[in-house]
Every structure is written in C-alpha cells, then in structure tokens.
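Everything quoted here is computed from the prediction, not taken from an experiment.
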Amino acid sequence: MEAALSSRQGAETKAASSGLSAQRMIEIYRLMYTARRVDDREILLKRQQKIFFQISGAGHEALQVGAALAMRPGYDWFFPYYRDRALCVALGVTPAEMFLQAVGSSADPASGGRQMPTHWSSRALHIVSTSSSTTTQLLHAVGCAEAGRFFSRHPDAAARAEGDYRAFHEVEFHDDEVVFTALGEGSTSQGEFWEAINTASNQKLPVVFCVEDNGYAISTPVEVNTPGGNISRLVANFPNFHFAEVDGTDAEACLLAFQAAVAYCRSGQGPAFVHGHCLRPYSHSLSDDDKLYRGKEEREADGLRDPLVKMQMRLLREGILDEEQINALEHAVEREVAEAAEHALTAPLPLVAEIAKHVYSEDLDPTSATFASEQPLVASAVKADEAAVKPEAPHTMADLITTCLRDEMRHDPRIVIYGEDVADASRAEALSEVKGKGGVFKLTHGLQTEFGSERVFNSPLAEANIVGRAVGYAVRGMKPVVEIQFFDYIWPAMHQIRNELSLMRWRSNGSWASPAVIRVPIGGYLTGGSIYHSQSGESIFTHIPGLRVVFPSNALDANGLLRTAIRCDDPVLFLEHKRLYRETYGRALYPGPDFAIPFGKAKIVRPGAHITLITYGAVVPRALQAAERAHREHGIEVELIDLRTLSPYDWETIAASVRKTSRAIVAYEDMLSWGYGAEIAARIGDELFQDLDAPVRRVAAMDTFVAYQPLLEDAILPQPENLLKAIVDLRGY
Ligand SMILES: Cc1ncc(C[n+]2csc(CCOP(=O)(O)OP(=O)(O)O)c2C)c(N)n1
Ligand SMILES: [Mg+2]
C-alpha cells in the first residue's frame, strides 16, 4: 500500500507529493524521529532495569503525526491508546514528560508515578487520561463529543456554580471542536468499538476514530480478529461517517487523510473513520518476541516499509534536506532525548504517604456538613410550584427519587439522564397522544417531557455504552445521571465502572475526574423475580476504590442521598431496591428541593441495649419486624442500624453501638459467603474484640441465586424469622 487506498463520502485524499511545504515535511520527520528515539531510549533503560515497562509506537509514527497535525491540542479533545507516542509528541507532550512517567516519578504530569509509560494525560493539551484497557476510551470520546455539543447548544450550562461539583469543573468548549480517539485493529473486536461507532453514527458526532492496523494483536494476526481481514469493509455501512483507508507508513497521505476527516467532523456532518495500515517492527512490547509467531519473510517485508526510513528517503530524494542536515537534525533530537532521560533518572519519587490522594475528590467531601445543611421542610413551607408531588401526603421511595431528579434537573442545567427506556418516548412527536414510558419502573417518567430530548433520552441497549459515555460527559464537567435497567445486567458495564469511571481521578493524579451517578434497581423479594431480576451483589462494587456506593431503605433517605450523589464530585453507584419502590414502609413527605443527607452517616432505626443489628436496603424493614418481635416475645432490645451508604460506611455508629451491646449481627440480602457483611463482621472482630461477649453473626441469603418459585425464593432470601432466630440465639450465647 503505497498511497492513500481509498476515500469515500467527502473530500478526496490527495495523491502523495501534492505539496506539503518543505518546512512541514521536516517538522513531520523531526516529530517521527523524536518519538522513535524516545522509544529506543526507553528500551535501553528497561534493559538497564531503570524503568519497569516499555511498549513502543514504532511503525505507527507517520499515521499518528498525521493525525496530530490535523487537529488542535488544547482545543480539540484526545482519547489515545498506549501506542500513540508520536501523536502525543506532535501534540506537545515532551520527551522529558514521557521519561518522568517511565521512571515513575512524582513529577510525571500524567499520573504522578501511578501509571505505566505511554498512559497519556495532559489537561493543557486536552489529552484525557487513558487506561491499559483496549477500546474503553472510544466511548469516553463519544461522551466527550456529546458534552461539547451540549455546551455549545446550551452555553449557560457551562457557567460555574458554587455549592456543588460545578465549582471544581472549569468548562471549555468550542462550537467546532473535534474529538479524536485511536485503537489497534485487534481491539475492534471489542463490543465497545461497535457500541461507540453506533452512537457516533446515530448522533452524527464529531469524533475521528483512528484504527492503527499493524496486523497483529500481540501474537494474533488481523484475520483472526477481523472477518475478512479488513475492518474498513465491515464498518462501511454505518451511516453518516466519512471513511478513509490509508497507507499508515506514508506521512503525507496520512496527514491529508486526517485533514479531510477532521474537516468533515468540524463541519458537523458526522464522525470519521480513518484506517491506517502501519507496522510493528519492535514486537508488541518488550515482554513479547514476535520471532515466536511470525515468519522471517514477513518480518523482513515489514522492515522495508518502516515509515521513518521512508520519510528520510523522501527528504533526501526531493532535496529537502541533505545527508548532513539530516544528521544535524537527528543529533539535535538525540541530545534532547538523552538529556531528558538523564534528568528523569534523578527526578523525585512519589511519596508513600500520598498513595490515597485523589482516590476521591480532595475538594468536595460528601461525608461533610456541606451535605447536612438542610432539614426536611415542613409541608407548610413547601411552595406549591416547588413540589412536583403533593406536599401534605406521604410519598413512596419511587416518587421521591423522581422528585429529586426533577428538582436537581431544574437546579443544574448540566444534568443529562439517559439509559434503556428512560425517555418518555424517543419519537417525541408521539408525546401529544401518549402518556410516555419513563423507565421500566417509571422513575424518569415526565422528565423528557419537562426537560426535552437533549437532556433525557434513550440509549442503545448496551450497558458499557451507557457508562462509558458517562465517563466522557463527566470529564467535560457535565453531570450524567444514568440508569442501568436492572442490577442483573450491570455486568457489561463492569469494565467501564471498575477500570475507568472509578479510576479516572486516581490514575491521573487528580487531573481528571468522572463524577457520574449510576442509578440501578436492585434486589429480590419480588415473588417471581427469579435469577435475572433479583440479584444483589453490592460488595462487588464496594470493593472498588474511587466509587461511592449508596443503598437507601426508605423514601426520605433515597431523596436526600440521591441529591448528595448528584451534587458531589465523586462517581456514585446509587442502588434502589425494587421491592422498596412502592412499599408502605418508609414513605415520607416531600422534603423540599435542597434536602441532602451526607454519605457515611448511618441511621439508628430503633435503639436497644442488648444486640446491635447492622443492615441496609430491603432487610431494614424485615429486621425491624424481627426486632419488634424480639422485644414483644423475648424482651430483647435490638439496636437496629441502617447503614444507608455502603462505601463509605459509618464505622463510628457501628462501633459505639457494639461497645454498648457487646453483641452484633450483620444482615444482608446478598449471598452469605463473600458478602458485604463479611467485611463489617471482620472489622468488628478485629477492632472490637475486647468489647464482644459473643461471636459476630451473619444473616444472609443462601449461597445461590434466587429461584422463580416463591417457595424457593422465600427459603433462599433472609426472612424476619431467620433474623429473629439469630437474635434469640445470640442473646442466649
Ligand atoms: C480489554 C483488554 N484485554 C486484553 C488486554 C491485553 N492486551 C494488551 S494489548 C493487546 C493487543 C492489542 O492489539 P491491537 O488492538 O491490534 O493493538 P496493537 O497493540 O497491535 O497496537 C492485548 C490483548 C488489554 N490491555 N485490554
Ligand atoms: Mg495491532
């Protein structure tokens, strides 16, 4: 492939030698050469054991420099992948900064020594922190483009506001900004690739997708990942795209292809897809040896296509530089690279004392009094137009969640709500004759009608799409409050939640954050909910640093905690028990539009001197029943603690109670083994051993999923009788 291979839907890619200035050609070579020499120097340092990992961008330089020079750092937005060294050099990341990351220095501006080399991040250049996960970044790019478009259509939403997360999110946007993202050809097998081009296509977003096709994914050749061996052929029918397939070793062809792609995106016509054929002369990484799986002939053929050699030859052939000038240019680059590497070797190391910094926001603490300022309003104080629900009547948890969403959307124009079926009707013209859906549980009902289809809309049926886009929205300063339809189906989003959403702030050493809210209906006791509509599993998420996990048991708490979730600056998993949505238990009056409850503050539902019972969610009303019976039938006084938030949780309240009662039960709806209560029980045993008069007990579900037949469901999930028995047994211990 010697020149641009093809170009469809838009500007033609001009033929090679169409006339870049000599200056431009020299600059391209200098950037490509710099990237290669940084790789070479890192390889040396790795062999000397002065750095700990190396992965090179060798063979991709022409494509990446072409991409970078077609865009504007600090104006456009970039979601690169680990091979994009030349892209980042050309955007303005210096070799010195790259080596600081390679040695793991605290001065590494991308991550402060937390990420491997080539895990890019720069606020000034708009390079958003990337992970090692292949492909996740594409959905961030999509969300980022949506956010840019939203701000450009609603500039008022960008205004800074005090008192919530908006105080800490400077918003910049440009009407014609473009978002770039890249991945390898092997990574196009990931579902998130297809989920990203789906939304970009549907919404005509200005995203440039770049597939850097070096023919291999570690040892797996392209035809194994891509049926037919060419990704361009597979994506060709996505609407609204500009497509280009180029020789990724020809710097000029690449630059021209990207210029056309970027122009198409800037003009608002839709996304672009640039597929570049490049090569990988240095194996996958220093941990890989391609001689183990590639024939000699194939490797040698690649050697002849080295983009660096080709560019150098061209400079010579066209008389742009002579040999001496090339040598001078190369020596200058080598000097800069060597000095940068030397400097990094003496750079300061990160402090162990700062390991936990930026796991959560350093600016806004959701456990603080900032979120405890408001008492519920008395009904007479609620203005009629403030209350979307009647102020004088008690309301269900479902109602007060909806009310909170509505109040917060009125308060904060940066909130968008999306997910599966959350809109009233995607075909909005139907709304004049239909009532609207508003979610399978109806909690978002009426919101699209009030706030419009740009703020409340349906997503594709793809959970990673929902959360991945939320990351992109949130890094731009928007507040996505998204819904996963059932907890049972959160798993396709798990990768985004664990490796991206929750890690963005820590891995970028505080440079970026993605404080989105994910609302998730959870739990059983449904009579017929069965395996796939009854799951719990909260401990899997409380095991993720960086994520707040909230689990209210009643209407008032749900309202106040959801407000804190939305106004705080951390990502929050907000678990809503389906069985509690419309229960009589825990109904409450509308508490007003500013009622908030801080995280990490448990509620003592019932005081008692004999036994501490710690629980949350739908077990709270069951535990209350058991506690009342223990009092009536056995004279046992149970102190019932509703944790309300699971990460963080209120250790002080637990400890004070156990010191008083000397007996503790931890109860939870999830399976007994490895469940949330295991951690609480272990900590009580660890820190309060001297205060205990009996072992800590757990009451939870059987170690199985929930079955359909109600008889089985009742036996599997913890019931008031199980709790009562545990209380009586423990009192007699
Ligand atoms: C989700 C995920 N799965 C597996 C890996 C391990 N891994 C790292 S790179 C890689 C191959 C990627 O190949 P390709 O997309 O072609 O990019 P290239 O490295 O060739 O540029 C794999 C499997 C990963 N980082 N992320
Ligand atoms: Mg590859």
Note to self: Please tell me whether Glu500 and Ser131 have a donor and an acceptor in their side chains that are separated by less than 3.5 angstrom.
What the structure shows: yes
Next item on the list: Output yes when Glu408 and Arg567 qualify as a salt bridge under the 4.0 Å nitrogen-oxygen rule, no when they do not.
Entry: yes
Check: Does the Glu61 side chain pair with the main chain of Gly59, one donor and one acceptor, at a distance under 3.5 Å?
Finding: yes
Note to self: Contact between Arg455 and Ile417 at the side-chain level, heavy atoms closer than 4.5 Å - yes or no?
What the structure shows: no
Next item on the list: Quick one: sort the Phe150 and His154 rings into parallel, tilted or perpendicular, breaks at 30° and 60°.
Entry: tilted
Note to self: Centre-to-centre under 6.0 Å for Tyr473 and Tyr418, is that the case here?
What the structure shows: yes
Item checked: Phe273/Ile231 under side-chain contact (heavy atoms from CB on, under 4.5 Å): CA gap, chis, key distance, verdict -> CA-CA 10 Å; Phe273 189 93; Ile231 191 64; 4.2 Å; yes
Margin query: Quick one: does any side-chain atom of Gln64 pair with a main-chain N or O of Leu87 as donor and acceptor, under 3.5 Å?
Written below: yes
Check: Salt bridge or not for Asp76 and Arg266, using N-O below 4.0 Å?
Finding: yes
Margin query: With a 4.5 Å cut-off on side-chain heavy atoms, are Val93 and Met98 touching?
Written below: yes
Margin query: Just verifying a value: how many Å separate Ser459 OG and Asn202 CG, rounded to the nearest 0.5 Å?
Written below: 11.0 Å
Item checked: Nearest heavy atoms of Ser111 and Arg507, plus distance in Å -> CB-O, 3.0 Å
Check: Heavy-atom distance under 4.5 Å between the side chains of Val179 and Pro206, does that happen here?
Finding: no
Note to self: One thing to verify: whether Arg37 and Asp40 come together as a salt bridge, which I'm taking to mean a side-chain N less than 4.0 angstrom from a carboxylate O.
What the structure shows: yes
Check: Any side-chain heavy atom of Phe151 sitting closer than 4.5 Å to one from Glu177?
Finding: no
Check: Does the Thr564 side chain pair with the main chain of Ile597, one donor and one acceptor, at a distance under 3.5 Å?
Finding: yes
Item checked: Worked verdict on Tyr165 versus Asp363 for side-chain contact (heavy atoms from CB on, under 4.5 Å) -> CA-CA 9 Å; Tyr165 73 96; Asp363 302 312; over 6 Å; no
Notebook entry, point to check: Does one side chain, of His284 or Arg83, offer a donor that lies under 3.5 Å from an acceptor on the other?
Noted result: yes
Notebook entry, point to check: If you look at every heavy atom in Ala158 and Arg414, which pair is closest and at what distance?
Noted result: O-NH2, 3.2 Å
Check: Would Arg160 and Glu170 pass as an ion pair if we require N to O under 4.0 Å?
Finding: yes
Notebook entry, point to check: Under 3.5 Å, side chain of Thr199 to main-chain N/O of Ala196, donor-acceptor pair present?
Noted result: no
Check: What pair of heavy atoms forms the shortest contact from Cys210 to Phe180, and how long is it?
Finding: CB-CE1, 3.6 Å
Next item on the list: Working to the nearest 0.5 Å, report the span between CZ of Phe209 and CZ of Phe241.
Entry: 5.0 Å
Notebook entry, point to check: So, Asn509 versus Gln115: side-chain donor-acceptor pair below 3.5 Å or not?
Noted result: no
Next item on the list: Determine, step by step, whether Tyr75 and Asp176 satisfy the side-chain contact (heavy atoms from CB on, under 4.5 Å) criterion, reporting the C-alpha distance in whole Å, the side-chain angles of both residues, the deciding distance to 0.1 Å, and the verdict.
Entry: CA-CA 9 Å; Tyr75 184 100; Asp176 65 345; 2.4 Å; yes
Notebook entry, point to check: Is Arg280 salt-bridged to Glu212, going by a charged N under 4.0 Å from an acidic O?
Noted result: no
Checklist line | Pairwise distance CD1(Ile490) to CD1(Ile540) - rounded to 0.5 angstrom | finding: 9.5 Å
Notebook entry, point to check: Counting only heavy atoms not in Lys601, do more than 12 fall under 6.0 Å of its NZ?
Noted result: yes
Check: Can you name the nearest heavy-atom pair linking Ile497 to Phe541, along with the distance?
Finding: CD1-CE2, 4.0 Å
Next item on the list: Could you grab the distance from atom OH of Tyr489 to atom CD1 of Ile484, nearest 0.5 Å is fine?
Entry: 12.5 Å
Next item on the list: Determine whether Arg563 and Ile566 make a side-chain contact, defined as any pair of heavy atoms from C-beta on separated by less than 4.5 Å.
Entry: no
Margin query: Using every non-hydrogen atom in the two residues, find where Gly546 and Pro571 come nearest and quote the distance to one decimal.
Written below: O-CG, 3.3 Å
Check: Are side-chain heavy atoms of Val471 and Leu139 found at a separation under 4.5 Å?
Finding: no
Checklist line | Neighbour count >12 (heavy atoms, 6.0 Å) for atom NE2, His543 | finding: no
Notebook entry, point to check: Any ion pair linking Lys357 and Glu362 (charged N to carboxylate O, less than 4.0 Å)?
Noted result: no
Margin query: Does Gln49, at its CD atom, have more than 12 non-hydrogen atoms belonging to other residues, nucleotides or ligands within less than 6.0 Å?
Written below: no
Next item on the list: Would you verify whether the NZ or CZ of Arg548 falls within 45 degrees of the ring axis of Tyr360 while also being under 6.0 Å from that six-membered ring's centre?
Entry: yes
Notebook entry, point to check: Can any side-chain N or O of Glu185 pair as donor or acceptor with the backbone N or O of Asn214 at less than 3.5 Å?
Noted result: yes
Notebook entry, point to check: If you measure from CH2 on Trp77 to OG1 on Thr181, what distance do you get to the nearest 0.5 Å?
Noted result: 14.0 Å
Next item on the list: For residues Trp120 and Ala110, report the shortest heavy-atom separation together with the two atoms involved.
Entry: C-CB, 4.4 Å
Next item on the list: Before accepting this row, confirm whether a basic side-chain N of the pair Arg505/Asp569 lies closer than 4.0 Å to the acidic partner's carboxylate O.
Entry: yes
Item checked: Short N-O contact, Arg149 and Glu146, less than 4.0 angstrom -> no
Notebook entry, point to check: Just by modelled atom types, is the His119 backbone N or O under 3.5 Å from a matching donor or acceptor in the Thr130 side chain?
Noted result: no
Check: Short question: side chain of Ser514, backbone of Leu501 - any donor-acceptor pair under 3.5 Å?
Finding: yes
Next item on the list: For side-chain contact (heavy atoms from CB on, under 4.5 Å), just list the numbers for Leu345 and Leu45, CA-CA rounded to whole Å, side-chain angles, deciding distance to a tenth of an Å, and then say yes or no.
Entry: CA-CA 10 Å; Leu345 291 174; Leu45 293 171; 4.1 Å; yes
Next item on the list: Find out whether Cys144 and Val128 are in side-chain contact, i.e. whether some heavy atom of one side chain is under 4.5 Å from a heavy atom of the other.
Entry: no
Next item on the list: Verify, without hydrogens or angle tests, whether Gln137 (side chain) and Thr135 (backbone) share a donor-acceptor contact under 3.5 angstrom.
Entry: yes
Next item on the list: Decide side-chain hydrogen bond (donor to acceptor under 3.5 Å, both in side chains) for Glu334 and Tyr33; before the verdict, give the C-alpha distance in whole Å, the side-chain angles of both, and the deciding distance to 0.1 Å.
Entry: CA-CA 9 Å; Glu334 277 153 26; Tyr33 191 76; 2.3 Å; yes
Note to self: Using a strict threshold of under 4.0 Å (side-chain N to carboxylate O), is an ion pair present between Asp412 and Arg166?
What the structure shows: yes
Notebook entry, point to check: Would you say the side-chain atoms of Gln485 pair up with the backbone N or O of Glu420, donor to acceptor, closer than 3.5 Å?
Noted result: yes
Margin query: Can you confirm whether Asn465 sits close enough to Val142 that some side-chain heavy atom of one is under 4.5 Å from a side-chain heavy atom of the other?
Written below: no
Next item on the list: Kindly say whether Arg30 contributes a backbone atom to a donor-acceptor pair with the side chain of Thr34 at under 3.5 angstrom?
Entry: yes
Checklist line | Rounded distance [0.5 Å steps], CG in Asp84 versus CG in Leu183 | finding: 9.5 Å
